[in-house]
Amino acid sequence: YRLRDVDFTETTCGFCAVGCRFQLVSKDDEVLGAVPTDDPADAPVNDFSTCVKGKFGYEFANSDDRLTAPLVRGDDGELHEATWDEALSRVVEGFESIRERSGPDALAAFASSKCTNEEDYLMQKFARAVLGTKNIDNCARLCHSSTVAALKQTLGFGAMSNRINEDIAETDAYLITGSNTTESHPVLSTRIKRNVDDGADLVVFDPRKVEIAEHASQYVRTTPGYDVAWINGLIRYIVANDLHDEAFIAERTRNFEAVREKVEPFTPEEVERLAGVAPEELERAAETIATADSVVFGWAMGMTQHSHGTQNVLALADLALVTGNVGKPGTGVSPFRGHNNVQGGGGDMGTLPNNLPGYRDVTDPEVLDEFEEAWGVRPPDEVGLKVPEVFTEALAGNVEGLYVMGENPALSEPDVSHAEEALEALEFLVVQDIFETETTAYADVVLPAATFSEKAGTFTNTERRVQLVGQATAPPGGARQDWRIIQDLARRMGHGWSYDGPGEVMDEIATVAPIYGGISHERLREEGGLQWPCRDADDPGTPYLYDERFNFDDGKARFVPADTGEPGEVPSEEYPLTLTTGRVLYHWHTGTLTRRVEGLMDHVGEAFVEVNPATAERLGVEDGGRVRVESPRGGIEVRAEVSDRPGDGVVFIPMHFADGAVNRLTGERFDPTSGIPEYKVSSVRVTPV
Ligand code: SF4
C-alpha cells in the first residue's frame, strides 16, 4: 500500500465487542483495506490478528447503497430526497407538535451500540434535555440487559470483571455456555483455543454443539430453557462435596446460606429430568470447575435471551462466587458482549431508561441536581420505557413519535409482524442510518449518517476498555456524522449546544460519569485504551474489578438464589420442535452491513435451518431441500441443513436475514426483571415444501 500513496488510520473494529485494533488503508475517501497496527501495544487485545469481518467487512462503507441525502416522506406516501434544512425542520416540527399535544413522554428515542460513546451520550442527552422524555433505551435491551441486571445485584457492576488477554487467555479452565464464541467473537475464541491447546480445560454446556465445543474437554448438550437447573445442580454438587471455597465465601460474600438452601432440590436426577444432563456429566463438570486453580465463566445470548435470563446469570454469578473465581488473576465472570460498543454506548453512556451516564440512578434527586448543573436542564426523574414497552405503548397510542439511531427494530424485535404494526401505528418516525433498512420503510424522515470509518470518537469493548476510533474517510455525499446531526437538532430546538468535536463531548462525559472521570481523547492517544473505572487523570484504569472489594458499601458480594422456571413456550403436538436462534461467522446482527459485502455473502448468502439427522429423517427433510418453518406467530421458507449441531427435536436459524427472518417466528415473552425477549426458545414445526 505504501507505494500507492495511501493513508493509514489507526482505529477500532466496528463489528464485535472484542475491540480489535487495526489500521484502515484509504485513498480519496474510499477505504481500500485493513492492515495490522504498526505496534502490538496499540492493539492490546488482538496484536496483529483480526477475523474475516475485521479484514474484509469494511467494504460496506464503499457500497453504492449508502444513503447520501436525507429522505422525507411526501404526500404521495413515498420517501423523496430533501435538503438537510427541509429534513431537520420536518423532524423538529414532528417532535414539537407531538410534545405540545401529548406531552414529552409520547416521544421515545433508541440509541445505538454501533455508534461511538460520544454520539450515544449526546443521544440520551437529546432525549432527556431537549425532547424532555424519560424514554431512552437501546438494543442492549435485546442482548445482555439480563446480564447487567444480575451482575449489578451480585457483584455491583454490570460488566466483565477481568481482562481478555491476561485472564481469559491464560486461565486454567473455562465454563462456556450459551456462546457461539468462534463465530460471534472470533479473535477471543482463538485466544481460548490456543490456551486449551496448551492444556487448559474447556467445559461447554449448550443445546447446540457450537464450533468451540469441538475443542472442549467436555461438551454437555442441554435442553433449551432449563439452564438454572444444571447450574444450581453444579453448585449443589460442589457444596455437598466440600469443594466450595469456604475462605472466599466467608471473607468476601454475604447470603451464602440462601443459595445453599435454594440449590438443595437440584439433585442429579432432577437436573437430568429438567435439563437433560446425565448425573455423570454433571459430576465431571463440577469436579473440573471446583478443582481448577482458576476458572473463567463465559456466556452470551444463549444464557441471556430467555424469559428467565436474569435468573440464568444470577446462577452463573453464584457459581463463580461459590468457587472463589472472581477478582483474582485468571478468573472472572465474562459476559461476551455483542456490538462493538454495546458496553459503552449500550450502557455506560446512560442510554437506558433507569440510568444516566455512569449508571447513575435517574430517580436520585442528588444525581439529578448534578446533571441539572452540568446540562442547564433537569433530566426527567422517572424510569422510562424499555424497548419492547415502547412498541406496546405505540400500539396503545401512548407513544406517538420515535427517533431511532442506527438500529433496525423491524428485523431485530421478536415477533416482527407485531413490531411492524407498532411502527405503522407511530405518528412520526425518524430513522438515522447509513442504509435504507427494513425500518426506514416505516420512517417519515430518514437522516443519512456516517459509519465507523468516517468519524472519530471512542468505543468501549467487552472488557471495559475505552479505545479511540479514527476517521479515515469523509461520509459519502451529504451524509453526516451522528453527533453533528444530533447537535444540529438540539440547536434548532432552542438548546445552544456548541461542541467542537467528540473530544469535547468526552470531556463532558468525564465530568458527569465518574467511572470515565479520568478518560480523555488526549490521554487515550498518549497511553492507548483505558479500562474503567478510571476516575481521574492519575488513575491507570481498572484491569480487574473486585480484586479488593465488590461494588457495594460493605465491599462484599451478594449471593442471590436463582429460580428455575419453564420457558415461556414449550413444544406441543402442533408445534413439536424447539427453535433457537444465533449468528454465523460471516454476518453481523440484522445483516444491514454484512449482507452488502460480496465476499461475506459468498460464504453464507441466505437464511437456513439446521435440523438434526434424526429429526430430519422423521420429518422427511433432506439436506439442501426447502422447508417451511412455522410458529404460532408466522412462517418462513428456508433451506434445510441436516447437521448434528442441534440435538434431536431442536432446530437453529441464524438471525441475519430479511428473507427468512427468524423473528417472524420468535415471540413476545420477556424476562420480568430486564425486559429481554426470549429469542432462544420458541415452538415450531418444520415441513418440507
Ligand atoms: Fe472485529 Fe470482532 Fe473480528 Fe476482532 S473479532 S476483527 S473486533 S469482528
Side-chain angles (χ1 to χ4, degrees), residues 9-25 31 33-37 40 42-61 112-117 143-144 160 163-165 168-169 176 179-195 210-212 298 300-301 334-346 451-453 457-470 472 528-529 531 582-597 599-601 603-604 654-656:
T9 307
E10 297 267 346
T11 196
T12 306
C13 184
F15 286 105
C16 90
V18 173
C20 296
R21 302 266 304 157
F22 48 76
Q23 298 181 87
L24 285 174
V25 186
V31 182
V35 297
T37 53
D42 291 333
V45 177
N46 61 307
D47 297 336
F48 291 126
S49 59
T50 60
C51 78
V52 65
K53 289 194 286 284
K55 251 186 218 113
F56 304 112
Y58 61 83
E59 281 178 17
F60 71 83
S112 174
S113 302
K114 292 207 254 313
C115 290
T116 62
N117 285 318
C143 65
H144 268 292
M160 187 187 275
R163 302 163 294 181
I164 291 177
N165 272 353
I168 297 182
I176 292 185
S179 161
N180 182 3
T181 320
T182 304
E183 300 198 68
S184 304
H185 300 90
V187 167
L188 176 57
S189 170
T190 305
R191 295 280 179 280
I192 292 170
K193 288 190 282 194
R194 200 182 291 162
N195 194 28
V210 289
E211 197 277 344
I212 201 161
M301 274 142 266
S334 304
F336 302 151
R337 310 297 299 257
H339 278 82
N340 51 327
N341 195 31
V342 65
Q343 180 62 56
T451 188
F452 83 108
S453 53
T458 55
F459 294 154
T460 306
N461 80 348
T462 193
E463 57 169 2
R464 299 171 281 106
R465 189 182 299 275
V466 185
Q467 304 188 109
L468 283 171
V469 176
Q531 285 177 280
R583 306 174 194 204
V584 300
L585 173 63
Y586 302 99
H587 288 283
W588 196 62
H589 296 88
T590 63
T592 51
L593 310 183
T594 50
R595 281 189 273 131
R596 290 181 164 91
V597 179
L600 299 177
M601 288 296 279
H603 284 281
V604 180
M655 65 195 214
H656 314 291

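Index from 1, following the sequence. These numbers come from the heavy atoms of this one structure, side chains and all, not from hydrogens, waters or symmetry mates. Both ligands and their constituent atoms are indexed starting at 1 by order of listing. These figures come from a predicted structure and were not determined experimentally.
With 2.8 Å as the limit, Cys13 counts as an N, O or S neighbour of atom 1 (Fe) of ligand 1. Distances from atom 2 (Fe) of ligand 1 show that His185 has no N/O/S atom below 2.8 Å. Atom 3 (Fe) of ligand 1 lies under 2.8 Å from an N, O or S atom belonging to Cys51.
A distance-only check finds no donor-acceptor pair linking the side chain of Arg465 to the backbone of Arg163 [under 3.5 Å].
Annotation for His185 and Arg337: closest pair NE2-O, 2.5 Å, computed over non-hydrogen atoms. Scanning all heavy atoms of the two residues, the minimum distance from Arg191 to Asn165 falls at NE-OD1, 3.0 Å. When all heavy atoms are compared, the tightest approach of Phe459 to Cys115 is CE2-O, 3.8 Å.
Considering each of Thr12, Val187, Thr462, Val45, the one bringing a non-hydrogen atom nearest atom 5 (S) of ligand 1 is Val187.
Defined by atom type and a distance below 3.5 Å, a donor-acceptor pair is missing between the side-chain atoms of Thr12 and Asn340. If you check the side chains of Thr181 and Ser179, you find a donor sitting under 3.5 Å from an acceptor.
Each of the following atoms of ligand 1 lies closer than 4.0 Å to a heavy atom of Gly54: 6 (S). In the vicinity of Gly19, heavy-atom distances shorter than 4.0 Å reach the ligand 1 atoms 7 (S). Shown in contact with Phe15 at under 4.0 Å from a heavy atom are these atoms of ligand 1, numbered in order with element: 8 (S).
Under the side chain to side chain donor-acceptor pair (under 3.5 Å) criterion, Ser189 pairs with Thr182, sequence neighbours left out.
Protein heavy atom in closest approach to atom 2 (Fe) of ligand 1: Cys16 SG, 2.3 Å. Nearest non-hydrogen protein atom to atom 4 (Fe) of ligand 1 is Cys20 SG, 2.3 Å.
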